[in-house]
There are 2 protein chains.
Amino acid sequence: MAINRKMDFAADEIALADLAKAISHPARIAILKILAQQESCICGQIVEGLPLAQATVSQHLKELKAVGLIKGTIEGKTSCYCINWEMFNQFVSQFGVFAELSKNASCQSQSCC
Amino acid sequence: MAINRKMDFAADEIALADLAKAISHPARIAILKILAQQESCICGQIVEGLPLAQATVSQHLKELKAVGLIKGTIEGKTSCYCINWEMFNQFVSQFGVFAELSKNASCQSQSCC
DNA sequence: ATTATTTATCGTATATTTGCGATATAAAAT
DNA sequence: ATTTTATATCGCAAATATACGATAAATAAT
């Protein structure tokens, strides 16, 4: 890669890409589905629900937590995770930007595609 | 990684993860923004608009095209790309699934998060 | 016909991600 | 006090992703 060009992009583009990266693995999609179904809590049952080792699941949970898509607290011996809907909805709403940009597009030609 | 566990997940989870991965780099977010602004066409100006070498941009375009988020056609000497809104909207709509799952969640406790 | 322009692809170096066994940590159960 | 249980972290191997120079391919301009 020689050098990482990530920082040459706009902050909002980096932020959106980071959120997308957080859900760019089927395991992390599956985790979000499990958490959505149970609304909250669910501790280590996530491990049982996935075809991965405990260490690997823990790592995926860490990545989701790092970008703020889930919250996690320690409850005695176990850990408890849930979706951070505020962040999740903020993430999804960012896709509206693309449609807005296209509304006042400079060229509506559709000439080639 | 030893072995790739991707295929142990559900097809729809893999598909959504693949789309998310396609937009998990700021360069590809930036490309989609440029294409949205111009609605269609725009060939190699994308390269000018990005802080990356031509070969790198071409590779990013290829990835977006591979998942169907953009369409591209050759127009004589140049290439013309545009957003595939059908795929884009289908992608975004998939995030609604998570909210739906949470509606009939088995536990609304919010006890720990 | 030759040259210039545009874009895709190849090859390769480096960076990052993924996966997991081993181990650490910390609370609960005995 | 010791053992069991639950989860996070470390360290490493293998897989993927990123970046780009060099080059190919194909059209347009001269």
Side-chain angles (χ1 to χ4, degrees), chain A residues 1-9 13-14 17-31 34-35 41-67 70-82 112-113, chain B residues 1-9 13-14 17-31 34-35 41-67 70-82 112-113:
Chain A
M1 201 199 302
I3 210 127
N4 190 338
R5 281 286 139 83
K6 198 177 168 186
M7 291 313 168
D8 295 343
F9 292 88
E13 289 168 351
I14 296 169
D18 282 344
L19 281 164
K21 177 167 289 182
I23 62 159
S24 73
H25 191 289
R28 297 196 287 272
I29 296 285
I31 287 171
I34 292 170
L35 291 178
C41 298
I42 303 293
C43 316
Q45 297 108 305
I46 298 167
V47 175
E48 287 176 49
L50 297 178
L52 296 170
Q54 179 267 322
T56 309
V57 173
S58 189
Q59 203 169 281
H60 283 305
L61 286 166
K62 193 180 176 183
E63 285 180 69
L64 285 168
K65 197 176 173 184
V67 297
I70 65 175
K71 290 184 278 187
T73 49
I74 298 170
E75 299 263 312
K77 191 164 63 169
T78 67
S79 265
C80 171
Y81 290 96
C82 65
C112 54
C113 297
Chain B
M1 205 196 300
I3 208 126
N4 192 339
R5 283 286 140 85
K6 197 176 168 185
M7 291 313 166
D8 295 343
F9 292 88
E13 290 167 351
I14 295 169
D18 282 345
L19 281 164
K21 178 166 289 182
I23 62 158
S24 74
H25 191 290
R28 296 196 289 272
I29 296 285
I31 288 171
I34 293 170
L35 291 178
C41 299
I42 302 296
C43 316
Q45 297 108 305
I46 299 167
V47 174
E48 287 176 49
L50 298 178
L52 296 170
Q54 180 268 322
T56 309
V57 173
S58 189
Q59 202 168 278
H60 283 305
L61 286 166
K62 193 182 178 183
E63 285 179 70
L64 285 168
K65 197 176 174 184
V67 297
I70 67 175
K71 289 183 278 189
T73 49
I74 298 169
E75 298 264 312
K77 190 164 60 167
T78 66
S79 266
C80 171
Y81 290 96
C82 64
C112 54
C113 298

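Just the heavy atoms: all of them, side chains too, but no hydrogens, waters or symmetry mates, feed the values below. Each chain gets a letter, A, B and so on, in the order the sequences are listed, and its residues count up from 1.
Side-chain nitrogen and oxygen atoms of Y81(A) include at least one within less than 4.0 Å of the OP1 or OP2 phosphate oxygen of dA8(D). Not one side-chain nitrogen or oxygen of N4(A) sits closer than 4.0 Å to the OP1 or OP2 atom of dT18(D). For dT18(D), one of the phosphate oxygens OP1 or OP2 lies less than 4.0 angstrom from a side-chain nitrogen or oxygen of R28(B). At the phosphate of dA8(C), OP1 or OP2 sits under 4.0 Å from a side-chain N or O atom of S79(B). Taking side-chain N and O atoms only, H60(B) has no distance below 4.0 Å to OP1 or OP2 of dA17(D). For dA8(D), neither phosphate oxygen OP1 nor OP2 lies less than 4.0 angstrom from any side-chain nitrogen or oxygen of K62(A). Applying the 4.0 Å criterion to OP1 and OP2 of dT5(D), one finds that T78(A) has every side-chain N and O outside that range.
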task = Apply side-chain contact (heavy atoms from CB on, under 4.5 Å) to E75(B) and T78(B), showing your working.
result = CA-CA 5 Å; E75(B) 298 264 312; T78(B) 66; 3.9 Å; yes
inquiry  = Test side-chain contact (heavy atoms from CB on, under 4.5 Å) on Q54(B) and S58(B); report intermediate values, then the result.
reply    = CA-CA 6 Å; Q54(B) 180 268 322; S58(B) 189; 4.0 Å; yes
task = Given side-chain contact (heavy atoms from CB on, under 4.5 Å), test R5(A) with D8(A) step by step and report yes or no.
result = CA-CA 6 Å; R5(A) 281 286 139 83; D8(A) 295 343; 2.7 Å; yes
message = For V47(B) and L52(B): C-alpha separation, side-chain torsions, deciding distance, then whether side-chain contact (heavy atoms from CB on, under 4.5 Å) applies.
response = CA-CA 7 Å; V47(B) 174; L52(B) 296 170; over 6 Å; no
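Taking atom CZ on R5(B) and atom P on dA15(D), their separation rounds to 13 Å, with Å as the unit. Rounded to whole angstrom, the span from the CG atom of L50(B) across to the P atom of dT7(C) amounts to 13 Å. Atom CG in L61(B) sits roughly 17 Å away from atom P in dA17(D) (whole-Å rounding). Following rounding to the nearest Å, L64(B) (CG) and dT7(C) (P) show an atom-to-atom distance of 16 Å. One interatomic measurement links the two molecules: CD1 of I46(B) to P of dT6(C), which rounds to 14 Å at whole-angstrom precision. As rounded to whole Å, 12 Å separates atom C1' of dA17(D) from atom NZ of K6(B). Between the NE2 atom of H25(B) and the P atom of dA15(C) there is a distance of 14 Å, given to the nearest Å. Rounding to whole angstrom units, CD1 of residue I3(A) and P of dA15(C) are separated by 9 Å.
By the 4.5 Å heavy-atom criterion applied to side chains, R28(A) and I23(A) are not counted as neighbours.
Separation of atoms CD (E13(B)) and CG (D18(B)) is listed at 12.0 Å; rounding is to 0.5 Å. Rounded to the nearest 0.5 Å, atoms CG (L35(B)) and CD1 (I70(B)) are 6.0 Å apart. Note that CD1 of I34(B) and CD1 of I29(B) are 12.0 Å apart. Values are rounded to the nearest 0.5 Å.
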inquiry  = I'd like to compare against my own output: the B/S/- annotation of nucleotides 24-30 of chain C with a strict under-4.0 Å heavy-atom distance to protein.
reply    = ---BS--
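Scanning both residues, Y81(B) and G72(B), for their nearest heavy atoms gives CD2-CA, 3.6 Å.
Judged by distance alone, with hydrogens and angles left aside, the side-chain atoms of K21(B) form no donor-acceptor pair with the main-chain N or O of H25(A) at under 3.5 Å.
At the heavy-atom level, K65(B) lies nowhere under 4.0 Å from the strands shown.
Taking a 4.0 Å limit (strictly below) on heavy-atom distances, residues 51-59 of chain A reaches DNA chain C at L52(A), A53(A), A55(A), T56(A), Q59(A).
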